[in-house]
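Please read all numbers here as calculations on a predicted model, not as lab measurements. Each ligand, and each atom within it, is numbered from 1 in the order the structure gives. Side chains included, hydrogens not; waters and symmetry mates left out as well; all remaining heavy atoms used. Residue indices begin at 1 and follow the sequence shown.
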Amino acid sequence: MAQIINGKQVSQNLREKQKSETEALFQKYGKRPGLAVIIVGEDPASKVYVANKEKACIEVGFHSELYRLPEETTMHELLELIEKLNNDDKIHGILCQLPLPKHLDEEKVILAINPSKDVDAFHPVNTGKIMIGNHSFLPCTPAGVMKLIESTGTEISGKECVVIGRSNIVGKPQAMLLLQANGTVTICHSRTRNLKEVTKRADILVVAIGKADFITGDMIKEGAVVIDVGMNRNKEGKLTGDVDFASCEKKASFITPVPGGVGPMTITMLLENTLTAFKETL
Ligand code: NAP
């Protein structure tokens, strides 16, 4: 039976460290890390995410600014706000919650954020830095996954690591981080043939597909570390991962639950990036 990786606990421990470091820096410099979050429109999931981000900022003692813009905001207005925040000394991190309403160009928005304040690590300068292993910020979800693996005491170096999914925000950067930790990394996607043959090789399996209960116990190796990034709603509206927990739990050595695994880590890593951005200005 696998040990369950408690993402809430790992996240809580990190937030306590962030809080005490923030307090110590405030005592020394009289300044706090500042995060500005922009939300455009009324997407219900996005509203919950930004409210959680604001709450987390306050919890660790950051300065937090939330900009709620109406659905009909123009590109010009949004870029003007970003430019203002780029030049605001109180703000060290800027995050524009995606997805944006269809009339707004997400790529232009990402490019408009100063890379030194791009705490989501979506700007090509930051994604490029991740590629060459010389990063300022780590992409939040993959970085959270690395912390969870670290919490199990599992050595990544030399291990077979399989990442399922190749999105720009999860799969690709996840593979790079595992590679930098000296894993032997395979990336799978919807065109991968004989997926089960590949997943069964994995000492460490990270699943980011977006399909409920897709990975079943017969697809994993005995003793594998299984990290489930997926967040799906099943027929009953319950939050569920990409991994069939019941069957995989019997074979894995460590496994993340959904909820309570990767989810709580993402915002914590956003706070970590904001703290890093702040420290760069001191
Ligand atoms: P995405 O952009 O939709 O990418 C999904 C990836 O899965 C694609 O690369 C796709 O392959 C691959 N895929 C789809 N069907 C497959 C199959 N049958 N076999 C193998 N690979 C398959 O999704 P994402 O943004 O990376 O998110 C993935 C999941 O993680 C979602 O459930 C999302 O909600 C969740 N998520 C959670 C957090 C968190 O904080 N916990 C953060 C971000 C995302 P192709 O490239 O070939 O299409």
Side-chain angles (χ1 to χ4, degrees), residues 5-8 10-11 14-15 37 43-46 48-53 55-56 95-100 106-107 110 119-122 127 130 137-149 151 161-178 185-202 205-216 218-220 226-235 237-245 248 255-273:
I5 305 172
N6 187 341
K8 273 192 198 157
V10 177
S11 168
L14 275 167
R15 287 193 197 185
V37 177
D43 180 65
S46 294
V48 174
Y49 295 148
V50 298
N52 287 341
K53 285 168 189 173
K55 201 170 132 223
L95 179 154
C96 187
Q97 186 67 44
L98 303 180
L100 288 169
E106 287 188 358
E107 205 182 323
I110 290 170
V119 284
D120 252 340
F122 288 168
T127 53
I130 291 156
F137 306 126
L138 289 174
C140 300
T141 301
V145 168
M146 297 303 281
K147 291 279 182 200
L148 292 178
I149 298 171
S151 78
C161 303
V162 174
V163 178
I164 319 182
R166 56 173 165 178
S167 70
N168 288 331
I169 61 165
V170 189
K172 280 187 210 160
Q174 187 67 69
M176 290 315 303
L177 297 188
L178 289 163
V185 184
T186 307
I187 308 173
C188 300
H189 44 79
S190 66
R191 313 288 171 90
T192 298
R193 292 190 193 146
N194 305 323
L195 184 68
K196 186 173 163 179
E197 272 176 29
V198 185
T199 56
K200 281 201 85 151
R201 288 207 310 261
L205 180 65
V206 181
V207 191
I209 312 176
K211 289 192 172 151
D213 303 335
F214 185 86
I215 297 295
T216 45
D218 59 318
M219 297 175 80
I220 70 165
V226 179
I227 309 286
D228 187 355
V229 181
M231 287 204 299
N232 314 290
R233 294 270 164 202
N234 67 11
K235 281 181 226 130
K238 208 179 132 223
L239 192 64
T240 175
D242 290 347
V243 172
D244 174 41
F245 188 85
C248 290
I255 188 166
T256 56
V258 177
V262 176
M265 295 300 293
T266 299
I267 294 183
T268 301
M269 300 319 291
L270 172 72
L271 298 174
E272 193 71 26
N273 282 343

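- The protein atom (non-hydrogen) at minimum distance from atom 20 (C) of ligand 1 is His189 O, 3.1 Å.
- Of the heavy atoms in Thr192, none comes closer than 4.0 Å to ligand 1.
- At least one N or O atom of Thr266 sits closer than 3.5 Å to an N or O atom of ligand 1.
- Checked by distance only, ligand 1 and Asp242 stay at 3.5 Å or farther apart across all their nitrogen or oxygen atoms.
- Looking at every heavy atom in both residues, Gly241 comes nearest to Asp228 through CA-OD2, 3.2 Å.
- Ranking the protein heavy atoms by distance from atom 4 (O) of ligand 1 puts Ser167 CB, 3.9 Å first.
- Contact check for Val162 versus Val206: no side-chain heavy atoms found under the 4.5 Å cut-off.
- If you check which protein heavy atom lies closest to atom 47 (O) of ligand 1, you get Ser190 OG, 2.5 Å.
- If you check each of Ile187, Asp228, Ile209, Leu239 against atom 3 (O) of ligand 1, the one with the closest non-hydrogen atom is Ile209.
- Under the 4.5 Å side-chain criterion, counting only non-hydrogen atoms from C-beta, Val10 is in contact with Met265.
- Between atom CD of residue Gln174 and atom CD1 of residue Ile164 there is a gap of 12.0 Å, rounded to the nearest 0.5 Å.
- Regarding atom 46 (O) of ligand 1, its nearest protein heavy-atom neighbour is Arg166 NE, 2.7 Å.
- Side-chain N or O atoms of Ser11 include one that pairs as donor or acceptor with a backbone N or O of Pro264 at under 3.5 Å.
- In terms of protein heavy-atom proximity, atom 32 (O) of ligand 1 is nearest to Met231 N, 3.0 Å.
- The protein atom (non-hydrogen) at minimum distance from atom 41 (N) of ligand 1 is Val229 O, 3.5 Å.
- Val226 places none of its side-chain heavy atoms less than 4.5 Å from the side chain of Thr256.
- Atom numbering of ligand 1 starts at 1 in the shown order; those under 4.0 Å from a heavy atom of Gly165 are 6 (C), 7 (O), 9 (O).
- Counting atoms of ligand 1 from 1 in the listed order, those under 4.0 Å from a heavy atom of Ile164 are 20 (C), 21 (N).
- Inter-residue side-chain proximity for Ile169 and Thr141 is flagged as unmet; no heavy-atom pair is nearer than 4.5 Å.
- A pairwise comparison of heavy atoms in Val229 and Ala208 identifies CB-CB, 3.9 Å as the closest pair.
- Closest to atom 29 (C) of ligand 1 among all protein heavy atoms lies Gly210 N, 3.7 Å.
- Proximity of a side-chain donor or acceptor of Asp213 to a complementary backbone N or O of Asp242 within less than 3.5 Å is not detected.
- In this structure, Leu271 and Arg15 have side chains that are in contact, with non-hydrogen atoms separated by less than 4.5 Å.
- The closest approach between a heavy atom of Gly171 and any atom of ligand 1 is not below 4.0 Å.
- Ligand 1 has at least one atom lying under 4.0 Å from a heavy atom of Gly263.
- Atoms of ligand 1 found under 4.0 Å from any heavy atom of Asn232, numbered from 1 in the order shown, are 32 (O).
- At distances below 3.5 Å, not a single donor-acceptor pair connects side-chain atoms of Asp120 with backbone N or O atoms of Phe122.
- With a 4.0 Å cut-off on non-hydrogen atoms, Val170 touches ligand 1 through its side chain and not its backbone.
- With a heavy-atom cut-off of 4.0 Å, Met265 does not touch ligand 1 at all.
- In terms of protein heavy-atom proximity, atom 17 (C) of ligand 1 is nearest to Phe214 CZ, 3.8 Å.
- Residue contacts with ligand 1 for Thr141 involve side-chain atoms from C-beta outward but no N, CA, C or O (heavy atoms, distance under 4.0 Å).
- Side-chain N or O atoms of Asn234 include one that pairs as donor or acceptor with a backbone N or O of Gly237 at under 3.5 Å.
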